[in-house]
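Below, chain A is the first sequence line, B the second, and so on; all start at residue 1. Quick caveat: nothing in here was measured; it's all calculated off a predicted structure.
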Amino acid sequence: MKRVVSVSLGSSRRDHKVQVALFGEEFEISRRGTDGNFDQAIALLQELDGKVDAIGLGGIDVYLYAGKTRYVVQDGLKLMQSVHKTPVVDGSGLKNTLERETVYFLRQNTGLLPPKTKVLMVSAVDRFGMAEAFTALDCEVTYGDLIFSAGIPYPISTLEELEEVAHKTLPDMCQLPFHMLYPTGKKQEIQDEEKIKKYGHYYLEAQVIAGDFHLIRRYLPFLKGQTIVTNTTTTEDVTFLREKGAGHLVTTTPDFQGRSFGTNVIEAIMVVLLQKPWPEITPEDYLNLLKQLDFKPRILKLN
Amino acid sequence: MAEHSEITASLRAFQEGYNKNKRLKKMNADWDRIVLVQANDIPSTHTLILRKGELTIQEGPPEKPDLKIISDSETLADMFYGDITPTQPYLNGTLKVLGTEDDIVRLDFISLMIWGE
């Protein structure tokens, strides 16, 4: 039995454990939230180090991308560097492959993403591959990084401007405590009603809302049948989205017993299956493995 | 140690950088704030007023600031001249910013948009 554990800065209420068989290998996959407690996350990582087959870091990114430039989130790096023996990943390696593929899958296999579709990405620097794919497929994309991470009501509409703003700001902003930039712990369980009033119209102007689920959830108004493209959703999240009027839910990671885990978990599984050191794994390795595993996005009609 | 006049000059440079950046004004059109800038090693206070995207500066403290920026005179002058970013002094405790986390992030962002690489 291979053990993969996702250690998350998110709420422990979302903890989950499943067993799946992949390529004839039994995997126990679990998620353990630390309610935004950074020290607790470090302690848990140190406890698991050397005792499990791979670790995913959830609720935080280590690497953000804009164009070809990679930015390192210092809090994420501290978590990663607290593990010395077990492979540890944040999902960013896989996101570039899996989420890009999801966008192309939607265009080729569904009617949910015709050309000129208006897309809101609540944040793009944490999934730049997806952002590039929407743009390549002639979608009209609004990048909400400044709106939803910095509280600045300035929609970015081109990848070039996103890269430029990222270049100016991310080297420093990545050094701030992560909770200042992203909802962690209990904040993931509540919506920010004030900001929903201010920024909810960006959701309503879009046909597809894509990106990190916790950001999407925190600022989500009542929708009018929009499609949500995300992952890390629980059964409760699906109910929540249905009640909020979302039309379809597309999760980029496969469903394991009613739960779409984060890319960090799937990347951790892949690292175990590939049996290669993480720095040596290429996007082609991920792509080939995804095909062999026949991982496809889950598409759920909600309303 | 910087002098009061150096802090004033640095704030003027910051104001100039801000006001010639049309995009930054647009970004902050909704953000009306009164900010106290106070040195803790010399008698020096200034007020930054952000209203409808425009930034003005006054010498002396405001009556009711929304945000307070407190540091030694050298750090304040360096920061508003763009020689250093606010992040490091904020993280090492040299710079104190008293206000909501959202406002602190936004101030940091403005500074980086003016002086960032």
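- Across all non-hydrogen atoms, the minimal contact from L91(B) to Q175(A) is CD1-O, 3.2 Å.
- Closest approach of P153(A) and R106(B) over heavy atoms only: CD-NH2, 3.7 Å.
- Side-chain atoms of V105(B) and M173(A), non-hydrogen and from C-beta on, do get closer than 4.5 Å to each other.
- The shortest distance between side-chain heavy atoms of I152(A) and W31(B) does not fall below 4.5 Å.
- Partners of H201(A) under the ring-ring contact (aromatic ring centres under 6.0 Å, His included) rule, at least two apart in sequence or in another chain, do not exist in this structure.
- Side-chain contact between R23(B) and Y154(A): present, with at least one pair of heavy atoms (C-beta onward) separated by less than 4.5 Å.
- Note that CE of M180(A) and CG of D102(B) are 9.0 Å apart. Values are rounded to the nearest 0.5 Å.
- Taking the side chain to side chain contact (heavy atoms under 4.5 Å, CB included) definition, one finds that D192(A) meets it with E194(A), K195(A), R218(A), Y219(A), sequence neighbours left out.
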Full working for side chain to side chain contact (heavy atoms under 4.5 Å, CB included) between D30(B) and K198(A): CA-CA 10 Å; D30(B) 71 320; K198(A) 281 175 80 173; 3.6 Å; yes
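- The stretch residues 36-70 of chain B places none of its residues near chain A, where near means some heavy atom under 4.5 Å from a heavy atom of that chain.
- Between D172(A) and Q88(B) there is no side-chain heavy-atom pair separated by less than 4.5 Å.
- Using a 4.5 Å heavy-atom cutoff, the side chains of L112(B) and P171(A) are not in contact.
- Between E101(B) and K187(A), the shortest heavy-atom contact is OE1-NZ, 4.3 Å.
- Taking the side chain to side chain contact (heavy atoms under 4.5 Å, CB included) definition, one finds that F222(A) meets it with K244(A), sequence neighbours left out.
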